[in-house]
Structure formats: C-alpha cells, structure tokens
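So that the names make sense, note that chain A is the first sequence line, chain B the second, and so on, each numbered from 1.
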Amino acid sequence: MNLLKLQEQIRETVRRSAVELFDIEIEQIAAEVPPKTEFGDLAFPAAFELAKQIKQKTGEKQNPRAIAEKLKAKLEDLIFIQKIDIAGPGYLNIFYNRSRFLAESSDAGLLPNESLSKSTTAKKVCVEHTSVNPNKSAHIGHIRNSVLGDSFVRILKASGKRVEIQNYIDNTGVQVADVVVGFIHLLKMDLADIEDLNERLQADGVSFDFYCWDLYARIGQEYQHNEELKSKRAEVLHLIEEGGNDTAKLADFVATTNVHCILRTMERLSIRYDLLPRESEILHLHFWQKAFEKMKSRGVIKFETEGKNAGCWVMPFESHTGNDEHDADKILVRSNGTVTYTGKDIAYQMWKLGLLGLDFNYKLFHTYENGKDVWITTANESFGGDIPQFGHCETVYNVIDTRQSYPQEVVKKGVATIFPEKGEDASVHLSYEMVALSSAAAEELGFELSDEDRKKPFVEMSGRKGLGVKADDLIDRLEANALKEVESRHPDAPHSERKEIATTIAVGALRYFLLKFTKNTIIVFDFKEALSFEGETGVFCQYSAVRANSIFRKLKESDLVESRQFIRQNPESVAEVFESEHGSDIWSVAILAARLEETVETAINASEPAILAKYSFNLAKAFNLFYHNHKIIAEENEAKRAVLIATADLVRRSLTTALETLGIKVPEKM
RNA sequence: GCUCCCGUAGCUCAGUUGGAUAGAGCGUUCGCCUCCUAAGUGAAAGGUCGCAAGUUCGAAUCUUGCCGGGAGCACCA
C-alpha cells in the first residue's frame, strides 16, 4: 500500500459516503496536505463543498462540522487510518496509522511505475530540448533549456512513461551561415584550413565552439559597417541549403564539430539524447513537400493572389485577429517559393507524431561514456546496425523559451488543423522564461553598459554580441570552487576522487540553481548567487543525503534488516515511539519522504520540475533537523532506534531518488 | 494597437485544483561542534501579498479596471 493508493481509497470512501448520506455526487474530491503535522496527514475540505451543494439542492442549511462528523463515521473503519479530527470550520483531518505505515513502506519501492519506462512496446512520448544552433558554444540560457528538458524527461520516466529525447540541429540556418561567412570571407579559410585550425585548438586545449563564439560575435560587429560582407550571407545560406558544394561541406564540418562540442558540454551535466534530427534532412528528404501536399489535399492552406501576401501560401488563423500592421494569417511559403521556418517546423512536428508518411535515414553519431548511443539523421542510406524506431510519438513536448510562443502556437494549431483526429493536445509547448544577466554580471564579463542598460532590471544575453556566460566556463568555475573546498575537507583522499566529488557538486549546484526557479520566472543571472554552495542549493541537498548515507556506513549491515523486522513485529512499541515527545517530529520526516511519488505526479501535471526541486530541498531540510535532534547510532532504546533507522533509510532513498530525477548525483562523501 | 507573462519581507524567490496563524534562501543581529560530516543548526527582526472594486462561508490564488515592469505580434530563426 503506497500513499497514492491509500489516498485514492480514502477519496473513494468520501465520494461513496457523500452519495449514501446526502445523495450528492462530488466529481472531484479535493484532498490537501495540511500545513502542519498537528493537522494530520491528509485533509478534506469536502464538508464545505457538501454544505454548499446541500443548500443548492434542498435549500436546507447544514453546518459543515456536522457534515464532517457524519463522513468521519464512515471513514473510521479504514485500516490505515489511526484517527480523524474535525478541525476549524469543518476540515476532515486524517491521521495515518504510523507504525503500520512505517512497516509497509520501509522496504517498498518509492517509484513503483518507473520500470514501465523501459518497455520497448509501450506508447512513447517525445521531448525535444536543447536545439542550440550549432555555430557556437552553449551559454547559460541554453543550459536552462537543456536542464529543464532533461529533468522533465527524468520525471516522465519516473512516472513510467517511455520517452524519446530529440535535440534538433538547425545546421542550415543563418546562424551557421554567419560563422561560415566569417571563416570564408573574413578569415579567408577553406575546409582544410579549418580542419588544421581545429587540430591546433585541440592541442592548445581550446574548444572549437569557443573559437566560433568569438568569431560569431566578430561577424556581428563587421556586419554593421561592412555591407559587402553582409551581402555574402544570403549567398552562403543558399549554398548551404542546396548542399553538394564546397561551402556546404565546410558548413557541415563547422556545424558537426560544434554539435560534438555542445554534446560534450551537455554530457558534463548528465544530459544525453536519443536522436539528433537535422534541418538538412528535412530539406533534402523533402519533408516539406510531403507536408505541403497533405495541407493542400486537406484544404487547410491557401494561395494568395492579391493583397500584400500575394504569391504566398498562407495558413489562416482565426484565433489571432489581424490589424493593419500584422496579419492574422501565417505565411508558410514565401512569394519566391521558399518555405519559412514555421513551415519546416510543422513538417517536423508531423513526423514526430507519426503523421507525415515519410522517414529519415539514420546513422550512429556517437556513443557516450556510459555506453548509450545517440543517432543522427542522414540523407544517405542508414547504417550502423540495429536502428531503433524513432518518431511515432503520441505526445510531443517542445522545450522552447516563451519568446517563441507564437510560432509554437502556429505549429500546434497547424498540425491540429491538418489532423483534427490527433488534436491540439498532442503538441505541448513546454515554455519557460529566458536567462538574462544582472548588470553586475554583464560588467564582470567585461561588457560596457550604457546608462540606459544600467537602468533596466536586466541585460538580455546575445550570441550575436558575444554577451553571455558560456556553460563550460561556469561549470569550470563551479568545479574549481568545489575542488578547493573538497581538498580542505578531505586532504587524504586521492586526487581523482576529489576531482570526481567536485564535479558532482558543481553539476548539482548548477542544475539545482536552474531548477529552483519556476519556468515563467526570468532568471537574472548573478555570479554570486549561482556560485553559492550554501542555503537553498543543490549542494545543500547533496550534503544531507551524504550525511544520511554516512550513518549507514557506520551502522552494521544487519542493523537495517533488524530494524525493519522489529518494526513489523512490534507495532505497539513503534506506536509508542511515535506518541512520545519527539514522535511527531520523526513522523513528519518519514511521511514527507513518502510523498515522492505524488510530488512527481504533481510536477508532471503542472509540467514544472521546480516542484520536485523544492520538494528535495524541503526533504533535505527536514532531514537536517531530524539529524540534529536525534542521535541514531547511539540510541539505546531498541524501538526508537529501529524507528530512527527506518526513517533515515526512507529519507536517504527518497532524497537520492528525487535528486537523481533532477539529474543530480549524490557523492560518496563531501 | 493587440496577445501573453510578471508585481508577495531589504534582496532573490516558493506558495500545485480558492482553504487553517502567507513561507524559504540570502543579507542583518545574537547563539550552537567532547556527540552519526558546521557545505549544518537554533532564535530574533523583517509583510497594507502593486492599487481599487467584485464573486465566495472563505481570495496572494478567480473576475474587471487601473498603475508599474517584461516578452511577443516578420515573406528572421
């Protein structure tokens, strides 16, 4: 019996009782976690709802407390309920049977559905995240996307969903073209020169994507006064899109090398992908033409013969009202016959949902250190052994920042218009706010701010300006800080171990930092805050888990087994412990640890990983208090010791799993 | 002009479907290591939940208006 099942059972009893006692059917029985342990473990405000409905139905005014009394009588027989209080104006506060609960949960799995995610036949959901333009290194804003997406994937898997992770590579877009213009026309380099450059950079320990970062910023500057250079951009872009020429080959090398760099950065943060679909294949395998045919045959797209959109194919949108300046219709094919990004995106979205009737070819791109393969699309024949089946997902989550809400809505509505049978629910835009820089952070990066900039609450990052905190730089700084701390604490540990601990801490700090904010909060990046290892941080959570684990390292292995056995066999003694002076404090930690599964569900329903991050922090905090107040190993009372051990074990398992679900590992020691 | 988001303690933020005395972290002040890791922990101070009206037994949460801040509304991606 886990908490979710127990809750459902109690809910069902309340629902049935409402029908039996008052002949009223309540569709949604609200249950809440009371704000304090004294108020019990589960609270129902159902009596308020019933009082309202009774009044509506019969005109008779009933006191919510009296209604609660009647419901209480019906619930008291349930075996897991110890007692029921009626509190305040009519709350039904349920107290679980603590000793029975502890006995059952002490060796139960915390996420019973997780194993379902490994099924190879179940329906699949797709999460697309990262999708950094492969023309420069990733910055902290990109990392927010990836960490959010990766954590959401982990949360989905924790609840038993089979998930495919895609990272879209826009290898034929203007951003890549800009860097290519830089290489060819500014630096006068050809492919062989760039390959040499890459080798030299590697020898010097400089990453290719860092080099491109600077080049991209330089191009941005050059464009402002060099019209001739700017005119090369369209030419280069055209050659890249067309393919099969030297410029396209050069661009492919630049993009692919950057993809490798970005994947390496992401792997530092335990972020990995299943598939890298590329824009070049969407073009060369004619995905758009196929989607275009479907749109035409289903009559959801029209050719404009007059007005300012004359010569364009547009998709009409009723939801957006047009005005003089802005049109309600979305152009998918330009008057020169080329397709817009949104058009390509609709075709790609159709493919993800298995609606296009065309497929990519695939080849193995890279095998991660943990043995996992990541595949990439190709226009040539597939190769590389057993190719998994990609796409054909029942739901697609696109992790994209909120600035792209409008094009995302077009994609979602577009696909739903073409395939009404699939509907809008199949496409979910997981939208989040941007990461901006505090003016202090921008200045720390060496950027001069105008007075106007300084007045603003934050400075927006810009790859084009080279203004941003590069992910690798930040991870490096976090690692260095962590390493210094680890070295002073564990001077005797081998260097490799200290290094590994520092890495784990740095990743935990960064991931938690990005996850503790809810999605629609703009993160104004500040170095001091991001580099902190104290207070509400990933490090705090890791530290609690480490301390919990260290208790079990010092206990005999048999202690845990014996404690569990004692708890099963002596419910009365256990109940006594919970009724003693600190009993409720111990209980509140144990019950919190048991709420992992329901927290995961809440996080999915709200598409909000921050809920799980907050939960981890609160659990860690509760454990610290517990740890501070109770000496576990030294406890002399057998029953109390067993309860303390079982509780500490429940917490460390729950906390470790919660953190793992956020992509945060717990080091051996720290 | 239209659409969306935000406004909660000095600062940065939580507050899940409307519920019990609005919570954290940082910062400030004063405490706690003979004891399982002090990256910890206790206490204090700090709030007209932007303003106003409405709905409700009940509003930080829902509705409307106003004020302030941000983003978007391309034949860019």
Side-chain angles (χ1 to χ4, degrees), chain A residues 28 30-36 39 43 45 48 51-52 55 64 87-91 93 133 170 173-175 279 308-309 311-312 314 319-328 330-336 338-342 344-345 401-407 409 431 433-434 436 438 456-458 460 482 485-486 489-490 505 509 516-518 520-524 526 528-529 532-537 539-540 542-544 546-548 550-555 599 601-603 605-606 608 610-611 613-614 617-618 621 624-625 627-635 648 669-670:
Chain A
Q28 196 75 40
E32 40 194 78
V33 176
K36 288 184 176 180
F39 296 150
F48 304 123
K52 191 187 283 179
K55 197 180 156 196
Y91 278 100
N93 288 345
N133 274 305
D170 185 1
V174 278
Q175 297 215 24
E279 187 177 61
K308 64 178 156 65
N309 291 342
C312 299
V314 303
S319 65
H320 278 260
T321 45
N323 60 24
D324 296 346
E325 268 180 276
H326 303 291
D327 219 311
K330 180 71 194 171
I331 292 168
L332 298 185
V333 180
R334 303 181 186 105
S335 53
N336 67 6
T338 56
V339 56
T340 61
Y341 183 83
T342 307
K344 282 180 262 185
D345 216 10
D401 78 75
T402 182
R403 285 172 290 192
Q404 296 196 44
S405 293
Y406 173 65
E409 198 193 334
S431 127
E433 268 291 357
M434 63 177 156
S438 67
K456 290 185 177 172
F458 51 76
E460 209 172 322
E485 197 64 37
V486 174
R489 286 159 192 260
H490 303 285
I505 289 172
K516 73 173 177 178
F517 300 94
T518 50
N520 52 10
T521 297
I522 298 174
I523 298 180
V524 181
D526 181 78
K528 188 167 168 269
E529 226 184 308
S532 169
F533 289 161
E534 281 163 24
E536 195 195 338
T537 62
V539 181
F540 177 100
Q542 290 172 318
Y543 186 66
S544 295
V546 166
R547 292 208 294 185
S550 107
I551 294 170
F552 288 88
R553 240 197 320 276
K554 297 201 170 159
L555 281 171
T599 306
E601 290 306 315
T602 311
N605 292 335
E608 184 53 275
I611 291 173
K614 289 283 172 193
F617 173 66
N618 285 327
K621 200 149 55 89
N624 281 347
L625 187 62
Y627 182 90
H628 189 252
N629 289 338
H630 304 283
K631 296 289 162 258
I632 295 156
I633 296 173
E635 177 58 47
K669 60 183 171 198
M670 59 191 283

Under 4.0 Å, heavy atoms only, any strand: does [X] hit a base, just the sugar-phosphate, or nothing?
X: A/Asp345; result: nothing
X: A/Ala509; result: nothing
X: A/Thr599; result: nothing
X: A/Gln404; result: base
X: A/Ser405; result: nothing
X: A/Ala87; result: base

Can you check the distance between B/rA52 and B/rU12, where both ends of the measurement are the C1' atom (answer in whole Å)?
29 Å
Polar pair under 3.5 Å, donor/acceptor by atom type, side chain A/Ser335, base B/rC75:
yes
For nucleotides 21-36 of chain B, give me one character per nucleotide, 5' to 3': B if any protein heavy atom sits under 4.0 Å from the base, S if the only such contacts are to the sugar-phosphate, - if neither.
B--SSS--------BB
Dot-bracket notation for RNA chain B is requested: 5' to 3', Watson-Crick or G-U wobble pairs only, both distances under 3.5 Å, with ( ), [ ], | and . as defined.
(((((((..((((.....[...)))).(((((.......))))).....(((((..]....))))))))))))....
I want to verify a distance call: between B/rC57, B/rC13, B/rA39, whose nearest atom is closest to the A/Glu485 side chain?
B/rA39
Would you tabulate the pairs of protein nitrogen or oxygen atoms and nucleotide nitrogen or oxygen atoms of nucleotides 44-46 of chain B closer than 3.5 angstrom?
none

